Amino acid sequence: MFAQLVATAGRTSQLLSCDDHGRLYAATTDTIRCADTRNMSTDLQRDQKAKEFSTKELHVQKSGLKTLTGLATSRDGSYAVLAGTSTLDADCITLLFIDLTEGKGPLLKQSASSENRKAYPVHPDLFCHRPGLRVLQVTWHPGSDLHFAVLTTDNCWRLYHADKLAEPEQTFELQTSTKRPFGMHFMDDDDFNDTESLRHAVGFAFGPAYGWERFTVLFVCSDRSLFFLCPVAPFHATISSSAVAQLLHSIRDQPDAVQSTTHAWLSQALSKPAGRATSFSASPAQADSQQPDNPSVSALKQSIIRVQPHALDNHVPALCGPLQGSDNLPGDGDLATSILATRYGDTCSAVVIGTSSGQVETYVVAGNMTPTWAQASPACHTEGRHYVAILSEVYIVPPAKTLCRLRDILDLHLPPHTQHQGSSSHSPAAVQKLWLHPDLSAPDRCYAVQSHGAHAITLPWLPVLCHRLSSTVPHGDQDDLPELLPAAAELLWQGSQTGQSVMSAAPVGGTMAAGALLVFDSASQPHCLWPNRAPTAPEDVDSPPSSSAQYDADVSRASNALFGAILQGPKLLAPPADRQTPTGTGNPEGQKLLTDWIGHLRQTHVEFAHVAHHDLMHILQELPRLAAEQEQKYEELAAKLMDLQAGQQKTEARLERATKLNTNIQERLKILGDLHWRLLHALNAAEEVFRDKELPEMEEQAKSMRKQIKAMQARAAESIKQADQENAQALNESSASPNRACVPPQQLGKMRRVLEVQEEGIIKCKQKLVLLLSAMNITE
């Protein structure tokens with residue numbers, strides 16, 4: 001299967017893609033090959049030999065592609081979109097739509113093994129007349145098999161319908177930057193340092209099929225800021241009526257203005273039941289004529305609602321963000337390259353971002369993404385009373401709270417020669433790409449692919465958070481995220497081991513089978529990488545092995561070098577055939593058999609013994625020379641060891657002398673300092689100022705403080721004496737007349753506190769006096 005898929009890889013590049021039914025597509029500029037990978041195992045060579053895989057090859061007629069840069073297939077494998085540079089002008093992009101099945105059923109079940117397919121150009125008026133315009137991402141819409149979205153370098157996101165490829169069905173001009181140059185204005189250095197002025201969308205992801213997230217598009221900008229655009233519904237897609245009821249229920253807590261605008265959008269977009277429940281490619285009138293008129297079909301029609309072409313007069317969806325909060329944006333200059341959105345169950349969503357330096361950031365969505373509106377009038381192209389194309393210019397509206405919280409940052413160690421260096425060039429071509437692919441069997445796992453390798457990213461906290469949020473038991477504040485296991489990165493394939501690089505990759509598998517990642521390297525070799533089954537990473541070369549293991553490895557290597565030919569043994573030749581006849585030297589058959597065995601032994605064991613004897617004799621002659629060389633090496637190593645030991649002893653002796661010298665110098669410095677301060681010396685200018693001005697002032701202050709202390713002592717003694725007299729008088733009066741009132745305890749407590757304060761003041765004054773006296777004594 002894989003040999004056929006890579007048959008054309010030698011002459012042109014190819015890209016991989018996989019649909020929801022496990023069919024793998026390998027596309028080049030003029031061919032598309034398809035194969036079924038649902039029964040694929042980990043051993044690709046064994047699968048190739050054991051069974052014949054069903055494959056299909058399609059030739060694209062007049063594609064006009066010089067190089068292939070993008071490939072996307074619909075979920076059911078009916079359509080494909082190719083993006084690449086044009087053969088007519090290398091500066092122009094060509095976008096092609098290809099009908100793979102042409103309405104004949106699944107591609108692999110068609111009888112012919114090779115067919116031709118016509119390529120339909122997508123929006124040629126735009127891509128053929130805009131040199132320099134590049135396609136950053138092309139992805140099929142998960143809710144419609146007839147819609148695909150394209151993000152281009154002009155910061156526009158376009159949604160196309162398979163039946164109307166001349167112009168996009170819906171176009172959103174993303175006004176993510178705060179500064180836009182006009183006319184002859186050129187940005188200065190301050191403008192380049194301002195990340196918001198250069199911010200542009202580099203990737204997008206559709207929200208999971210739950211609530212309003214089914215109509216949500218997530219964008220990641222160059223500065224790794226996250227935004228979402230909601231609601232965005234592809235025209236003529238279908239949705240169940242119960243899901244519409246859930247949408248109405250989820251906006252009850254929104255402000256009145258938002259509720260009224262959202263109700264107006266719902267009344268235009270989701271107000272009519274679908275004509276057919278199984279497909280929306282046919283018109284409602286045709287669908288009604290194809291279905292029988294019975295109660296069950298009528299009930300089915302009422303349960304499915306088709307999205308009608310719609311546009312509000314004075315409102316357009318707004319670009320809500322940054323979802324991390326304006327204060328939590330990373331500011332290290334690392335550029336984002338891709339985004340992936342996943343959801344576990346029906347309660348918890350996660351967003352993964354890949355950066356140019358090889359880092360992967362994981363975010364948990366801590367809230368609901370609901371419609372956000374801005375007052376603006378969209379530009380509409382109509383045919384009669386029906387909308388054909390809608391153009392909306394959307395601006396940034398900050399969210400009410402932080403919706404995305406950073407959980408993990410994984411460093412996948414991008415090689416230095418490919419790592420993005422910070423510069424003023426923010427063009428997508430100057431950024432090292434890191435692709436993110438979902439695991440089709442596990443929503444809590446994804447794949448990160450770089451040019452030098454591939455990793456499996458596991459989010460162990462996502463199922464735990466889902467269980468926590470869906471549980472009926474209260475867990476406190478929902479905004480407080482618990483401490484959970486961090487995300488883990490598993491190395492699946494490393495190109496540095498083989499000298500190859502990754503050319504393309506695609507996830508394979510599904511919900512009913514184990515998921516894997518298929519990688520094509522630069523040598524056109526396929527690698528099927530299974531998480532948790534990848535070979536262990538090689539040991540670090542900087543960590544030396546154990547002494548016993550190193551000794552065994554050296555002995556084995558030396559033995560193979562000397563006795564490799566001898567250890568292989570004699571030649572393995574077929575023995576003479578047994579004729580099943582009586583043997584012996586008396587009959588010709590026995591003599592012939594004996595002669596055959598003698599010849600066989602001469603060719604095998606005798607020849608081996610002769611050669612082995614010759615080799616052993618040669619080795620025996622070489623052993624004295626080898627032994628002498630080993631003895632010489634041993635003597636040299638012993639001499640080096642003795643020199644090292646002698647040098648170590650000298651170094652230790654020098655260190656000991658230096659330590660003693662340092663101790664001696666410190667002791668001498670201490671003695672010199674004491675002598676310096678004890679010897680008499682002439683006063684310097686500062687000391688003279690202190691003697692003439694500051695010291696007399698301090699003496700005057702000391703005298704005044706002594707007077708104050710004496711006065712305070714006298715007042716304290718007088719107060720104590722007066723208090724004692726009053727107490728004695730009160731005791732006498734109380735003994736003489738018991739009914740007479742005494743001094744209240746509160747007043748006595750106040751007096752005691754006053755006395756304590758005075759005592760503290762006296763103590764402080766005494767301390768200051770002692771300091772002054774000591775200073776005076778030192779000066780004298």
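None of these values were measured; they are calculated from a predicted model.
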Asks: Which heavy-atom pair separates Ser17 from Leu71 by the least distance, and what is that distance?
Replies: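 So the two residues come closest at CB-CD2, 3.7 Å.
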Asks: Who are the side-chain contact (heavy atoms from CB on, under 4.5 Å) partners of Ala376, not counting sequence neighbours?
Replies: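 Ala376 satisfies side-chain contact (heavy atoms from CB on, under 4.5 Å) with Val316 once adjacent residues are dropped.
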Asks: Considering only heavy atoms from C-beta outward, does the side chain of Phe228 approach that of Leu226 to under 4.5 Å?
Replies: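 Phe228 does not reach Leu226 side chain to side chain.
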Asks: Return the OH to CD distance between Tyr387 and Glu169, rounded to the nearest 0.5 Å.
Replies: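 That separation rounds to 13.5 Å.
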Asks: Verify, without hydrogens or angle tests, whether His21 (side chain) and Arg23 (backbone) share a donor-acceptor contact under 3.5 angstrom.
Replies: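 Here the side-chain-to-backbone pair does not exist.
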Asks: Assess the side chains of Thr355 and Arg224: does a donor N or O sit below 3.5 Å from an acceptor N or O?
Replies: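 Per modelled atom types, Thr355 and Arg224 side chains form no pair under 3.5 Å.
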Asks: Sequence neighbours left out, what pairs pass side chain to side chain donor-acceptor pair (under 3.5 Å) with at least one residue falling in residues 85-99?
Replies: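 The answer is Thr67-Thr85.
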Asks: So how far is it from Glu115 CD to Arg117 CZ, rounded to the nearest 0.5 Å?
Replies: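 The CZ atom of Arg117 is 4.5 Å from CD of Glu115, to the nearest 0.5 Å.
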Asks: Taking only residues two or more places apart in sequence, or in another chain, which ones meet Phe206 in a ring-ring contact (aromatic ring centres under 6.0 Å, His included)?
Replies: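 ring-ring contact (aromatic ring centres under 6.0 Å, His included) check on Phe206 returns His141, Phe204.
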Asks: Is the number of heavy atoms from other residues, nucleotides or ligands under 6.0 Å of Glu102 CD greater than 12?
Replies: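 Check passes, neighbour count above 12.
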Asks: Where is the tightest heavy-atom contact between Asp19 and Thr73, given as atom of each residue plus distance?
Replies: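 Here Asp19 and Thr73 meet closest at N-OG1, 4.3 Å.
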Asks: State whether a side-chain donor-acceptor pair under 3.5 Å links Thr176 with Asn155.
Replies: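 Yes, Asn155 and Thr176 have a side-chain donor paired with an acceptor closer than 3.5 Å.
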Asks: For Val150, is there any backbone N or O sitting under 3.5 Å from a side-chain donor or acceptor partner on Arg158?
Replies: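 Not a single qualifying donor-acceptor pair exists.
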Asks: Do Tyr79 and Leu146 pass the side chain to side chain contact (heavy atoms under 4.5 Å, CB included) test, and can you show the C-alpha distance, the side-chain angles, and the key distance before you say yes or no?
Replies: CA-CA 8 Å; Tyr79 310 103; Leu146 294 176; 3.6 Å; yes
Asks: Return the minimal non-hydrogen interatomic distance between Gly77 and Thr101, and the atom names on each side.
Replies: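 Looking at all heavy atoms of both residues, the shortest contact is O-CG2, 4.0 Å.
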Asks: Which pair of non-hydrogen atoms, one from Ile353 and one from Leu436, has the smallest distance, and what is that distance?
Replies: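 Smallest interatomic distance, heavy atoms only, reads C-CD1, 3.9 Å.
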Asks: Compile the donor-acceptor pairs under 3.5 Å between side chains in residues 118-132 and protein atoms, sequence neighbours left out, one pair per line.
Replies:
from	atom 1	to	atom 2	distance (Å)
His123	ND1	Tyr160	OH	2.9
His129	ND1	Asp125	O	3.2

Asks: Write down the atom of Ala448, the atom of Leu434, and the distance for their closest heavy-atom approach.
Replies: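 Nearest pair, atom of Ala448 first, then Leu434: CB-CD2, 4.2 Å.
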Asks: With rounding to the nearest 0.5 angstrom, report the CZ to CD1 distance, Arg306 to Ile239.
Replies: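 Rounded to the nearest 0.5 Å, the CZ-CD1 separation comes to 13.0 Å.
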Asks: Does a side-chain heavy-atom distance below 4.5 Å link Trp157 with Val394?
Replies: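 No, their side chains stay 4.5 Å or more apart.
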Asks: Show the nearest heavy-atom pair for residues Ala350 and Val365, with the distance to one decimal.
Replies: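 The pair with the smallest heavy-atom distance is N-CG2, 4.3 Å.
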Asks: Side chain to side chain contact (heavy atoms under 4.5 Å, CB included) between Val502 and Ser451: does it pass, once the steps are laid out?
Replies: CA-CA 5 Å; Val502 176; Ser451 61; 5.5 Å; no
Asks: Do side-chain atoms of His310 reach the backbone of Leu266 as a donor and acceptor pair under 3.5 angstrom?
Replies: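 The answer is no, because no donor-acceptor pair under 3.5 Å joins these two groups.
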Asks: Any side-chain heavy atom of Leu136 within less than 4.5 Å of one from Thr153?
Replies: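 Side chain of Leu136 against side chain of Thr153, heavy atoms only: contact under 4.5 Å found.
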Asks: Using side chain to side chain contact (heavy atoms under 4.5 Å, CB included), reason through Phe520 and Ser504 one step at a time and then give a plain yes or no.
Replies: CA-CA 5 Å; Phe520 278 177; Ser504 59; 3.8 Å; yes
Asks: Considering residues at least two apart in sequence or located in another chain, which fulfil the side-chain contact (heavy atoms from CB on, under 4.5 Å) criterion with Trp373?
Replies: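 Applying side-chain contact (heavy atoms from CB on, under 4.5 Å) to Trp373 gives Pro231, Val258, Thr261, Thr262, Trp265, Leu312, His315, Pro317, Pro371.
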Asks: In the structure I gave you, are the side-chain heavy atoms of Val81 and Leu95 within less than 4.5 Å of one another anywhere?
Replies: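 Val81 vs Leu95: side chains touch.
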Asks: So do Asn314 and Gln375 actually touch side chain to side chain, heavy atoms under 4.5 Å?
Replies: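 No - every pair of side-chain heavy atoms lies 4.5 Å or more apart.
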Asks: Among His527, His452, His455, which residue meets the ring-ring contact (aromatic ring centres under 6.0 Å, His included) test with Trp493?
Replies: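 In the set His527, His452, His455, the residue that makes a ring-ring contact (aromatic ring centres under 6.0 Å, His included) with Trp493 is His527.
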Asks: Do Phe215 and Val232 touch side chain to side chain, with heavy atoms closer than 4.5 Å?
Replies: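 Side chain of Phe215 against side chain of Val232, heavy atoms only: no contact under 4.5 Å found.
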Asks: Pair Met369, Cys230 - check side chain to side chain contact (heavy atoms under 4.5 Å, CB included), show working.
Replies: CA-CA 8 Å; Met369 297 182 187; Cys230 180; 5.7 Å; no
Asks: Can you find a pair of side-chain heavy atoms, one from Ile396 and one from Arg199, that are under 4.5 Å apart?
Replies: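 In short, these two side chains touch, coming nearer than 4.5 Å.
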Asks: Please list, chain by chain and in numerical order, all residues satisfying side chain to side chain donor-acceptor pair (under 3.5 Å) with Arg445, sequence neighbours excluded.
Replies: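 Result, side chain to side chain donor-acceptor pair (under 3.5 Å) vs Arg445: Asp439.
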Asks: About how many Å separate OG1 of Thr337 and CD of Gln137, when rounded to the nearest 0.5 Å?
Replies: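 That separation rounds to 10.5 Å.
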Asks: Whether the side chain of Arg75 engages the backbone of Asp145 through a donor-acceptor N/O pair (distance < 3.5 Å, no angle test) should be reported.
Replies: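 The answer is no, because no donor-acceptor pair under 3.5 Å joins these two groups.
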Asks: Sequence neighbours excluded, which residues qualify as side chain to side chain donor-acceptor pair (under 3.5 Å) partners of Ser74?
Replies: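 By the side chain to side chain donor-acceptor pair (under 3.5 Å) rule, Ser74 matches Asp76.
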Asks: Please check this pair: side chain of Ser63 against backbone of Asp30, looking for a donor-acceptor N/O pair closer than 3.5 Å.
Replies: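 No, the answer is negative, given that no donor and acceptor are paired below the 3.5 Å cut-off.
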Asks: Output the distance between atom CG (Asp154) and atom CG (Leu133), rounded to the nearest 0.5 Å.
Replies: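 With rounding to 0.5 Å, CG (Asp154) is 5.0 Å from CG (Leu133).
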Asks: What I want to check is whether the side chains of Glu393 and Gln175 have a donor and an acceptor closer together than 3.5 Å.
Replies: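 Glu393 vs Gln175: donor-acceptor pair found between side chains.
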Asks: Can you tell if the side chain of Thr69 reaches within under 4.5 Å of the side chain of Arg134, non-hydrogen atoms only?
Replies: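 No, side chains not in contact.
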Asks: If the condition is ring-ring contact (aromatic ring centres under 6.0 Å, His included), which residues does Trp140 pass it with, not counting sequence neighbours?
Replies: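 Only Phe148 meet the ring-ring contact (aromatic ring centres under 6.0 Å, His included) criterion with Trp140.
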Asks: Kindly compute the distance separating SG (Cys18) from NE2 (His437), expressed to the nearest 0.5 Å.
Replies: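 The SG atom of Cys18 sits 11.5 Å away from the NE2 atom of His437.
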Asks: With Ala205, which residues qualify under side-chain contact (heavy atoms from CB on, under 4.5 Å), at least two apart?
Replies: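 Scan of Ala205 (side-chain contact (heavy atoms from CB on, under 4.5 Å), adjacent residues dropped) gives Ile339, Ala341.
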Asks: side-chain contact (heavy atoms from CB on, under 4.5 Å) with Glu167: which residues, sequence neighbours excluded?
Replies: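 Glu167: side-chain contact (heavy atoms from CB on, under 4.5 Å) contacts with His381, Val388, Ala389.
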Asks: Listing request: all side chain to side chain donor-acceptor pair (under 3.5 Å) pairs with a residue in residues 207-216, at least two apart in sequence or in separate chains.
Replies: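 Matches after skipping sequence neighbours: Trp212-Ser250, Glu213-Arg343, Glu213-Ser349.
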Asks: Ser240: which residues meet the side chain to side chain donor-acceptor pair (under 3.5 Å) condition with it, sequence neighbours left out?
Replies: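 Applying side chain to side chain donor-acceptor pair (under 3.5 Å) to Ser240 gives Ser242.
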